[in-house]
Engineer: 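Once you've had a glance at the structure underneath, I'll fire off some questions.
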There are 2 protein chains.
Amino acid sequence: MSTAPTVYDVAERSGVSIATVSRVYRNPDSVRAQTRERVLAAARDLGYVPSGNARGLASRSTGVLGLCFPDYADPDTDAEDDDAAMLYSDQIIRGMERAARRHGYALLIAASLKGGPESLVAKVAGRVDGFAVLARTVPTEELEGISRRRPVVMLAGPREEGDHLDHLDHIEVANFDGQRELTRHLVEDHGLRRLAFVGSAEESPDVEARFQGFLAACRATGVEVPDEPAVRAVMMTQAEGARAADALCDRDGGPPQALVCANDQMAVGALHALERRGLAVPDDVAVTGFDGIPLGRLVRPTLTTVRQPMLRMGEEAVELLVRRLNGTPDADPVSLMLPVTVARRASCGCGPEEQAAVAIGA
Amino acid sequence: MSTAPTVYDVAERSGVSIATVSRVYRNPDSVRAQTRERVLAAARDLGYVPSGNARGLASRSTGVLGLCFPDYADPDTDAEDDDAAMLYSDQIIRGMERAARRHGYALLIAASLKGGPESLVAKVAGRVDGFAVLARTVPTEELEGISRRRPVVMLAGPREEGDHLDHLDHIEVANFDGQRELTRHLVEDHGLRRLAFVGSAEESPDVEARFQGFLAACRATGVEVPDEPAVRAVMMTQAEGARAADALCDRDGGPPQALVCANDQMAVGALHALERRGLAVPDDVAVTGFDGIPLGRLVRPTLTTVRQPMLRMGEEAVELLVRRLNGTPDADPVSLMLPVTVARRASCGCGPEEQAAVAIGA
DNA sequence: GCGCATTCTGTAAGCGCATACATGACTCTG
DNA sequence: CAGAGTCATGTATGCGCTTACAGAATGCGC
């Protein structure tokens with residue numbers, strides 16, 4: 001692992017100047033074929049790999065796009081089953097990677113833990129030409145500064161009015177419409193009326209939108225519910241979902257007829273908690289989630305949920321970034337809303353077979 | 001999107017030298033608190049983000065690890081169902097990301113398409129401190145050169161004897177043992193004797209090892225099979241799996257009793273093809289895969305397969321890289337073999353419930 | 001108040017590459 | 001065969017940061 005060879009080494013070995021070496025890589029046609037071969041041969045001999053850092057510094061661009069996402073993994077779950085570990089951020093990653101590749105970019109990913117918030121984004125931001133951020137992964141103020149200098153697209157968080165971030169491109173899904181339709185389904189098609197929403201609306205604008213959709217459906221169907229979520233979860237993990245389910249069951253009046261969870265992970269946690277208590281899903285309590293992670297189809301009963309088009313979200317994010325990168329850097333901010341689908345599965349009482357679903361919203 | 005501020009701007013604005021600005025970020029304690037605050041305030045005002053390129057250049061390290069993987073996605077499948085798009089590389093990505101984060105690294109990922117092979121690895125290699133490569137993603141010779149200058153770990157390809165790459169760290173799974181056990185199960189527990197192996201052994205050393213495991217089980221149980229795979233697939237995608245299934249059914253003597261596929265994607269493709277032909281799985285033909293991707297549990301019948309611990313593979317890869325990076329760069333190459341588990345599900349005739357599985361190999 | 005040990009901060013020299021510009025070698029024209 | 005025009009290559013500079021090293025400021029004991 002000796003010191004890596006540089007353009008200088010290659011230049012010396014092939015008897016040309018460093019400029020020529022550089023040209024061989026950046027603009028091969030501008031070098032005579034014979035010279036080029038000599039240079040490439042020397043490079044091969046030396047095991048030369050151009051330094052991305054130096055290249056980036058000199059050319060002011062990296063050829064890399066980035067993604068910052070929160071780490072919502074349930075540590076315990078993963079150990080026993082890889083599948084369960086695939087969260088929705090993973091699908092966004094794949095979507096972005098694929099689209100990035102099409103445009104000649106690589107993808108740099110980093111999850112933030114509550115720990116060093118600043119370092120994370122800064123690290124990513126400093127190494128990419130542009131990046132996407134999953135809602136609330138990064139403190140607003142920090143993004144504010146960063147986004148002045150390079151393209152950033154917000155994912156999954158509705159734009160915040162009056163916020164300093166409204167100059168950012170933005171992609172969200174039909175949280176409101178999706179949750180409203182799912183809730184309507186519970187009430188009208190399954191006749192459930194005592195519903196409880198699980199999830200902290202303050203935590204994330206997505207959850208807030210979902211909760212509002214939930215409320216809208218309740219009002220429209222004449223179901224009474226409190227003006228705020230029955231249980232606030234801090235993290236949106238399985239553990240929190242289980243805790244929420246337990247808390248709701250222990251309340252006066254017993255468990256509600258349906259647990260409407262703000263995401264799939266909490267719903268799965270609730271499923272487990274209810275099973276431990278000997279309550280049957282969906283007969284005693286219906287449970288629904290939101291997201292459409294693979295795990296939702298692996299649990300029993302299979303989880304009724306609202307599916308987000310996550311791959312597409314990742315792809316669209318890249319498209320927006322690329323557009324800004326070559327062309328219209330100062331165009332007005334774009335705001336996309338992608339449609340969702342309600343996946344009716346077993347946990348709401350729809351039986352084992354998944355029902356055909358239609359796109360909702362946007 | 002004006003020119004981004006630099007240390008110089010921050011230095012000027014806060015009335016210090018650029019060295020002090022740098023120190024504030026690299027080594028905060030070495031700067032007086034009062035000075036530090038001034039600098040940070042100026043940085044905040046300007047929206048300053050340190051350039052990763054410049055930092056990397058000057059400090060000769062990037063704080064980034066990389067992963068190169070092949071793109072085996074089935075383009076058509078993805079559109080209709082995000083879940084189906086989650087391949088095994090995605091799980092490796094997650095495993096690596098998580099471990100990388102623990103060690104303070106970000107992760108750069110890039111899939112290679114057959115197209116520009118060189119540019120891909122070179123690009124990644126030039127931007128990271130070390131990286132992992134999924135078997136055969138990268139031409140051997142190219143890796144040869146690169147790996148002389150920075151840590152590389154090979155994933156999922158058995159080390160090739162006499163190869164120039166045997167100085168690389170290496171992680172594989174118990175391909176041979178896993179496939180042998182699965183094959184034994186088909187023959188001894190289900191009484192199947194006309195088996196066909198689908199997959200090109202030349203393409204990948206993993207497939208070769210699996211095929212050898214298949215052969216070993218056949219010999220041990222007295223089942224006769226040809227010395228090479230019944231069908232060679234070029235890509236290991238669903239489309240290829242379907243084609244293979246069709247080809248085998250059209251042969252003289254009709255379909256075999258079992259299709260032993262070299263990976264899950266091909267197995268799923270075979271499942272579809274058989275269904276189209278009106279053949280029942282597992283009653284007419286049993287089908288098995290290898291990998292344990294989430295999709296395998298979503299198809300009907302659920303897919304019997306050999307599960308690889310992919311998350312763990314990603315994590316171990318990072319551990320190996322990190323170890324080389326800080327400490328023992330020239331230690332002897334490490335070779336890890338991770339155990340697999342046989343997941344007995346419906347497609348081999350074991351019924352809908354997944355059977356408890358035990359670790360095999362290593 | 002002085003000398004010396006400690007901080008703290010500034011100066012300067014790269015890190016490896018891209019690229020504008022200058023130079024040199026040819027070819028072509030008249 | 002001189003001069004203009006091409007093409008290939010070299011020279012020189014700077015990208016934004018880190019980091020010895022040196023220098024200034026501060027604190028301490030006496």
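A, B, ... follow the sequence lines: proteins, then strands. Residue 1 opens every chain. Worth saying up front: this structure is predicted, and the values here are computed from it rather than measured.
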Engineer: Go through dG16(D), dC17(C), dA8(D) for me and flag the one nearest to the R55(A) side chain.
Structural biologist: dC17(C)
Engineer: For the pair made of CZ in R26(B) and P in dG16(D), what is the distance, rounded to whole Å?
Structural biologist: 17 Å
Engineer: Is there side-chain contact between R38(A) and V16(A), with heavy atoms separated by less than 4.5 Å?
Structural biologist: yes
Engineer: For dC7(D), does OP1 or OP2 lie under 4.0 Å from any side-chain N or O of R32(A)?
Structural biologist: no
Engineer: Taking only nitrogen or oxygen atoms into account, show me every contact under 3.5 Å that the protein makes with nucleotides 11-15 of chain D, one pair per line with its distance.
Structural biologist:
residue : atom : partner : partner atom : Å
dC15(D) : O2   : A58(A)  : N            : 3.4

Engineer: With a 4.0 Å cut-off on heavy atoms, is S22(A) in touch with a base, just the backbone sugar-phosphate, or nothing at all?
Structural biologist: base
Engineer: Heavy atoms under 4.0 Å, any strand shown: does V31(B) hit a base, just sugar-phosphate, or nothing?
Structural biologist: sugar-phosphate
Engineer: Tell me: OH of Y48(A) to P of dG16(C), nearest whole Å?
Structural biologist: 10 Å
Engineer: Without decimals, in angstroms, what is the distance between N27(A) CG and dC17(C) C1'?
Structural biologist: 15 Å
Engineer: I want to check something: taking the side chain as every heavy atom from C-beta on, are N53(A) and R127(A) in contact at a cut-off of under 4.5 Å?
Structural biologist: yes
Engineer: Whole angstrom is fine here: how far is it from OH in Y25(B) over to P in dT18(D)?
Structural biologist: 10 Å
Engineer: Report the residues that fulfil salt bridge (charged side-chain N to carboxylate O under 4.0 Å, His left out) with R13(B), sequence neighbours left out, ordered by chain and then residue number.
Structural biologist: D45(B)
Engineer: Stepwise, does the side-chain hydrogen bond (donor to acceptor under 3.5 Å, both in side chains) test hold for R55(B) with S22(B)?
Structural biologist: CA-CA 10 Å; R55(B) 177 175 293 185; S22(B) 176; over 6 Å; no
Engineer: Atom CD of Q34(B) and atom P of dC8(C): how far apart are they, to the nearest Å?
Structural biologist: 12 Å
Engineer: Contact between F69(A) and I92(A) at the side-chain level, heavy atoms closer than 4.5 Å - yes or no?
Structural biologist: no
Engineer: Go through the side-chain N and O atoms of S89(A) and R94(B) and say whether any donor and acceptor fall under 3.5 Å apart.
Structural biologist: yes
Engineer: For E319(A), is the CD atom crowded, meaning more than 12 foreign heavy atoms sit under 6.0 Å from it?
Structural biologist: yes
Engineer: Could you tell me whether the side chain of F131(B) reaches within less than 4.5 Å of the side chain of V121(B), counting heavy atoms only?
Structural biologist: yes
Engineer: How long is the line joining CD of E12(A) and P of dG16(C), in whole Å?
Structural biologist: 14 Å
Engineer: For residues M313(B) and L338(B), determine if any side-chain heavy atom of one lies less than 4.5 Å from a side-chain heavy atom of the other.
Structural biologist: yes
Engineer: Taking only side-chain N and O atoms of S30(A), does any of them lie within less than 4.0 angstrom of OP1 or OP2 on dA8(D)?
Structural biologist: no
Engineer: Mind checking V16(A) for me? I need base, sugar-phosphate or nothing, with any heavy atom below 4.0 Å counting as a touch.
Structural biologist: sugar-phosphate
Engineer: Could you state the CZ-C1' distance from R127(A) to dG16(D), rounded to the nearest angstrom?
Structural biologist: 12 Å
Engineer: Per the end-axis method with five pairs at each terminus, what is the bend angle of the helix from dG1(C)-dC30(D) to dG30(C)-dC1(D), to 10°?
Structural biologist: 30°
